[in-house]
Colleague: 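Before we start, here is the structure in question, set down as structure tokens.
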Protein chains: 2
Amino acid sequence: MRVSQLLNPTLREVPAEAEIISHQLMLRAGLIRKSAAGVYTYLPLGLRVLKKIEAIVRQEMDSKGGQEVLMPIMQPAELWQESGRWDVYGEEMFRLKDRHQREFCLGPTHEEIITDLIRGEIRSYKQLPILLYQIQNKYRDERRPRFGLMRGREFIMKDLYSFDRDEAGLDVSYQKMYDAYCRIFSRCGLAYRPVEADAGAIGGTGGTHEFMVLADSGENSVVYCPDCNYAANVEKAECRPQPVEAKAEKGERQLVHTPKVKTIDEASDFLKIPATSFIKSLLYQGDDKLFLVLVRGDREANEIKINNALGGFISLQLASPETVKKLLGCAPGSVGPVEVPPSLLVIADQEVSLMEYAVCGANKDDYHLVGINLKTELRIDQIHDLRTIVPGEACPNCRASLKEARGIEVGQVFKLGTKYSKALGATFLDENGVEKPCVMGCYGVGVSRTMASAIEQNYDESGIIWPIPIAPYHCILVPVSTKDTQVVEAAEKLYQELQSLGVEVILDDRDERAGVKFKDADLVGYPLRITIGSKTLANGQVELKERKGGDTRLVSLNDTAGQVKAIIEKGMSF
Amino acid sequence: MRVSQLLNPTLREVPAEAEIISHQLMLRAGLIRKSAAGVYTYLPLGLRVLKKIEAIVRQEMDSKGGQEVLMPIMQPAELWQESGRWDVYGEEMFRLKDRHQREFCLGPTHEEIITDLIRGEIRSYKQLPILLYQIQNKYRDERRPRFGLMRGREFIMKDLYSFDRDEAGLDVSYQKMYDAYCRIFSRCGLAYRPVEADAGAIGGTGGTHEFMVLADSGENSVVYCPDCNYAANVEKAECRPQPVEAKAEKGERQLVHTPKVKTIDEASDFLKIPATSFIKSLLYQGDDKLFLVLVRGDREANEIKINNALGGFISLQLASPETVKKLLGCAPGSVGPVEVPPSLLVIADQEVSLMEYAVCGANKDDYHLVGINLKTELRIDQIHDLRTIVPGEACPNCRASLKEARGIEVGQVFKLGTKYSKALGATFLDENGVEKPCVMGCYGVGVSRTMASAIEQNYDESGIIWPIPIAPYHCILVPVSTKDTQVVEAAEKLYQELQSLGVEVILDDRDERAGVKFKDADLVGYPLRITIGSKTLANGQVELKERKGGDTRLVSLNDTAGQVKAIIEKGMSF
């Protein structure tokens with residue numbers, strides 16, 4: 001490819017609309033253009049990157065026995081009504097009607113479609129397991145689409161669905177996909193981590209892992225163990241009760257006036273009692289049910305764990321100040337667990353259950369109770385892990401000190417179980433002729449998001465630094481002058497030679513200053529740049545620069561193609 | 001691939017929903033399944049065919065300098081309002097609103113999106129020509145989606161858009177695409193014809209050709225010349241006035257009572273005057289304008305030509321009987337051109353203008369006028385080519401006798417001109433710094449429809465007969481018994497050997513009767529079948545059968561792979 005013939009409109013300025021670096025650089029490097037909020041056109045170089053990621057994903061899916069299919073984007077409402085998701089999916093689903101007023105959605109996911117397909121085609125245990133996947137547009141009507149491809153409304157996903165005879169089969173399929181995902185992100189040249197995650201809204205009973213590309217700009221917080229393999233989304237990471245240096249002393253219950261004290265930190269200062277001796281009491285509303293959540297004063301309550309502990313509400317939030325006032329007679333900041341109404345469920349984090357004496361709100365504005373004896377003065381109905389982990393805590397596997405990282409979720413593997421196969425009747429006859437629901441898993445890779453996250457992880461002030469396996473071209477060839485016929489001829493010859501070796505090379509044949517060409521090359525982020533100038537060429541040499549690290553050296557013209565090929569092969573190996 | 005591991009649910013019965021052969025066979029051969037009316041899932045073998053067609057299309061687009069991009073399916077209404085098409089596109093466009101009530105459509109085509117892109121990126125004549133294409137889902141809300149992939153509501157198209165400096169540049173781009181399309185359909189192994197066509201609703205001023213895959217089931221009628229290259233859609237084919245054997249004799253005008261005569265044929269019988277001496281008079285309504293169309297009694301009026309002759313109405317149809325009665329005082333069957341109101345436009349086909357005396361309706365129910373002198377008794381305001389050609393007429397190029405064929409439209413190349421670039425302001429500065437609108441062309445291939453039309457052209461009573469270049473696999477290997485270890489081992493060995501030669505081979509390793517395997521192989525339509533049975537194997541032979549033609553022969557086991565490879569290479573060559 002010649003740059004003069006390529007639609008690659010680079011920008012020197014950072015577009016005002018772009019907040020994050022991948023969005024800025026994809027616009028500046030001429031990889032994408034916006035067509036509407038959260039809706040993009042992929043320009044030629046952007047599409048090349050996308051197709052390379054797709055090709056890697058496809059190979060890894062095929063190697064695990066995945067069969068590629070292509071399902072519709074337009075999905076009939078009837079199937080979603082059958083699964084029960086039509087009414088609960090909410091505003092994130094794009095919906096439309098055809099000319100006969102029949103309802104459809106633009107698929108945000110394809111469990112319904114694939115389960116409908118399978119129930120029509122699978123009869124016997126002999127046909128299982130079966131793994132079907134597609135690579136296709138998905139739709140999500142984000143309230144605030146932004147961040148470019150990181151959070152679009154139209155985006156590209158690979159989704160695979162596994163159908164097995166039983167949980168043991170699902171475990172095998174799940175492990176296959178877990179392994180495939182590790183290979184995919186490794187082959188893309190990305191630093192990533194699979195982390196234990198929460199099952200969230202897709203439903204299902206089994207485990208799930210998220211695959212996080214590590215980047216400081218990541219929206220997800222991850223804890224991981226430097227000594228063993230443990231890693232988890234902070235939302236999900238299991239907590240062990242951690243020791244407290246100074247326990248609250250035994251004492252008598254006292255009602256203490258604590259005026260203008262709003263937070264536990266302020267109360268701790270005011271009372272000269274460490275926050276670890278406080279109980280943080282939070283009145284929650286899950287759908288239409290109220291309950292009290294207790295965590296230690298220095299901890300954060302984890303709403304995902306709270307919701308999981310109580311079986312899953314559709315909506316879960318802190319009760320409104322009005323509701324708190326009505327039930328407990330005080331503002332939210334003064335809520336406490338002592339002498340609450342007998343009908344109010346009280347659930348406590350496991351650390352709370354280990355306390356003996358504590359300070360807590362008094363259910364009276366501007367008052368705290370000090371010296372509460374937990375054994376005799378509190379009712380705790382259930383004990384769970386209800387708090388969010390903190391970096392530095394002990395690994396639940398090996399007790400090493402956990403570290404924290406930021407990550408971008410680019411993939412998720414998920415044990416669905418029989419939720420959809422039961423709802424839609426996707427059953428098979430087992431060896432004994434007994435009808436059973438297929439046991440399902442689903443496995444997604446955000447293809448366009450992987451492209452964006454690769455940039456979040458690989459850039460500098462000059463532009464993108466593509467990992468070799470997903471670079472739009474491996475190598476750019478820059479003749480410094482288009483007037484010097486020797487330079488032009490050498491460039492043309494090397495261009496042909498590189499192509500004949502299978503190197504993906506692009507020739508910057510534009511009549512532009514060298515500085516412009518260098519800036520564009522750095523911005524687009526080709527892994528290798530070969531510069532041909534008259535001076536070095538007189539010595540039979542060209543300059544070879546690696547975008548990553550910036551290593552620059554003079555190379556004999558005759559050796560260049562071979563060296564380039566070797567660097568690329570090394571970069572592609574895995 | 002092994003059949004035992006493939007999702008390929010074949011059906012013995014013809015599904016009731018499928019009217020045409022390609023739809024029947026795609027369902028029966030397990031290539032597609034319906035998800036909703038006009039909305040399909042491609043199963044693994046169907047997707048393989050689709051991807052082969054896509055790969056051929058992509059190669060040919062790239063070879064002409066086309067750059068692949070990927071535009072959104074979801075398109076904002078604003079762009080369609082700018083081009084003026086939002087309100088006129090009608091019910092065939094799927095429309096939806098996002099959560100903020102902003103309007104979108106699901107793209108039926110991408111002129112607006114691409115012109116919006118180009119107006120943002122192209123500044124100078126130096127950047128032109130530019131050819132951009134994509135392969136992607138398109139949407140059309142058909143009133144009666146049916147015929148499987150032949151007329152779906154969600155379907156796959158390749159669409160390329162060319163942007164040139166001037167008409168001469170457009171001519172070059174158009175010819176490139178014309179040539180590429182010829183290569184595409186030839187490479188797919190299809191019998192096709194490019195035909196002159198009508199510009200239709202896309203608008204634009206220039207020429208257009210449709211690419212027709214020839215098949216008896218085709219919805220389009222095509223005339224072509226056996227001696228020269230002329231071919232055209234009958235809707236479009238230019239007509240020359242054809243001689244008439246017996247001219248109407250000179251006479252006096254007579255009002256003749258023709259009771260119960262409804263058609264020209266009946267009137268011809270009744271009056272003993274040939275239909276060629278009649279004038280067929282039709283009152284048309286174009287939008288809100290009425291006009292009278294005259295063609296010779298033996299001819300069919302051509303509404304596309306009528307509409308083009310008068311500059312293009314949005315709606316054109318025969319006037320209702322009520323309108324006819326009100327204006328001319330008779331039923332539609334008695335309409336005639338004599339003494340019509342002076343304000344009524346009368347347009348005549350060129351053959352009518354060559355008549356001297358004629359018979360016509362009398363604008364009085366059950367009466368005809370005989371012996372009308374066209375020169376003195378008729379007012380004709382405009383003369384055009386307004387009739388539909390008939391096979392057997394003279395070729396407009398070379399006067400040979402035209403033949404007729406049925407075709408399925410699988411592609412169209414189209415000179416758009418400046419309609420969209422003017423509407424959206426996609427301009428560039430020419431050599432003299434003058435701002436000009438880009439001159440555009442658009443070029444579509446129905447990818448999924450090409451797949452269906454390949455079947456309409458290539459099948460027999462046993463199933464599909466895939467052309468080698470687009471077959472899901474080239475060759476199926478059928479061990480007659482899965483119990484005979486020698487047979488199984490020979491099959492496995494040949495399977496490996498064929499794969500190592502790059503032959504796309506599928507092994508039917510199912511524990512099924514040979515008859516079942518043969519039926520499935522014929523139904524799916526693999527071009528080659530190798531059967532390994534114990535008897536022939538004892539002689540070191542296998543049976544090689546070509547699906548097309550049914551040629552069956554015994555081949556030495558050792559020579560088989562080589563022969564298969566040779567047949568496939570021949571079939572792929574072009």
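Values below: every heavy atom of this structure, side chains too, minus hydrogens, waters and symmetry copies. Here is how names work: the chains are called A, B, and so on, in the same order as the sequence lines, proteins then strands, and each is numbered from 1.
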Colleague: I want to check something: taking the side chain as every heavy atom from C-beta on, are Glu92(B) and Arg99(A) in contact at a cut-off of under 4.5 Å?
Modeller: yes
Colleague: Determine the option with the most heavy-atom pairs under 4.5 angstrom with chain B, choosing from Pro72(A), Ala37(A), Pro9(A), Pro129(A).
Modeller: Pro72(A)
Colleague: Between Leu131(A) and chain B, with a heavy-atom cut-off of 4.5 Å, which part of the residue counts as in contact: side chain, backbone, both or neither?
Modeller: neither
Colleague: Please classify the contact of Ile32(B) with chain A as side chain, backbone, both or neither, using a heavy-atom distance under 4.5 Å.
Modeller: neither
Colleague: Please report the interatomic distance CG(Asp116(A)) to NZ(Lys34(B)), rounded to the nearest 0.5 Å.
Modeller: 11.0 Å
Colleague: Take atom CZ of Arg12(B) as the centre, draw a 6.0 Å sphere, and report whether it contains more than 12 heavy atoms from other residues, nucleotides or ligands.
Modeller: yes
Colleague: What part of Arg48(B) gets within 4.5 angstrom of chain A, counting heavy atoms only: side chain, backbone, both, or neither?
Modeller: neither
Colleague: Find out whether Asn137(A) and Asn137(B) are in side-chain contact, i.e. whether some heavy atom of one side chain is under 4.5 Å from a heavy atom of the other.
Modeller: no
Colleague: Would you say Glu121(A)'s side chain and Leu7(B)'s backbone share a donor-acceptor pair under 3.5 angstrom?
Modeller: no
Colleague: What part of Leu6(A) gets within 4.5 angstrom of chain B, counting heavy atoms only: side chain, backbone, both, or neither?
Modeller: both
Colleague: Side chain, backbone, both or neither: which part of Leu31(B) has a non-hydrogen atom closer than 4.5 Å to chain A?
Modeller: neither
Colleague: Work out which heavy atom in Lys97(B) is nearest to a heavy atom in Phe94(A); give both atom names and the distance.
Modeller: O-CD2, 4.4 Å
Colleague: Indicate the atoms forming the closest heavy-atom contact of Ala36(A) with Phe104(B), along with that distance.
Modeller: CB-CE2, 3.9 Å
Colleague: Name the region of Lys126(B), side chain, backbone, both or neither, that has any atom closer than 4.5 Å to a heavy atom of chain A.
Modeller: neither
Colleague: If you count heavy-atom pairs under 4.5 Å with chain A, which of Arg143(B), Arg33(B), Glu91(B) comes out on top?
Modeller: Arg143(B)
Colleague: Can you confirm whether more than 12 heavy atoms, excluding those of Glu431(A), are under 6.0 Å from its CD atom?
Modeller: yes
Colleague: If I measure from the heavy atoms of chain B, does Gln134(A) come under 4.5 Å with its side chain, its backbone, both, or neither?
Modeller: neither
Colleague: By a 4.5 Å heavy-atom criterion (distance strictly below it), what part of Leu43(B) contacts chain A: side chain, backbone, both, or neither?
Modeller: both
Colleague: Using atom types as modelled and distance alone, determine if a side-chain donor or acceptor of Gln5(A) lies under 3.5 Å from a backbone N or O of Gln67(B).
Modeller: no
Colleague: Would you mind telling me which of Lys51(A), His100(A), Gln136(A), Gln127(A) has the largest number of heavy-atom pairs within less than 4.5 Å of chain B?
Modeller: Lys51(A)
Colleague: Does any N or O in the side chain of Glu154(A) come within less than 3.5 Å of the main-chain N or O of Ile73(B), such that one atom is a donor and the other an acceptor?
Modeller: yes
Colleague: For Arg513(A), look at atom CZ and say whether over 12 heavy atoms of other residues, nucleotides or ligands are found less than 6.0 Å away.
Modeller: no
Colleague: Tell me, for Leu70(A) versus chain B, whether the close heavy atoms (under 4.5 Å) come from the side chain, the backbone, both or neither.
Modeller: both
Colleague: Looking only at heavy atoms, what is the nearest atom pair of Ser35(B) and Pro76(A), with distance?
Modeller: O-CG, 3.5 Å
Colleague: Would you indicate whether the side-chain heavy atoms of Leu96(A) and Leu106(B) approach each other to under 4.5 Å?
Modeller: yes
Colleague: Given the options Arg95(A), Met1(A), Met71(A), Gln75(A), which has more heavy-atom pairs under 4.5 Å with chain B than any of the others?
Modeller: Met71(A)
Colleague: Answer with side chain, backbone, both or neither: which region of Glu78(B) has an atom nearer than 4.5 Å to a non-hydrogen atom of chain A?
Modeller: neither
Colleague: For the CG atom of Asp141(B) and the CZ atom of Arg102(A), what is their distance to the nearest 0.5 Å?
Modeller: 9.5 Å
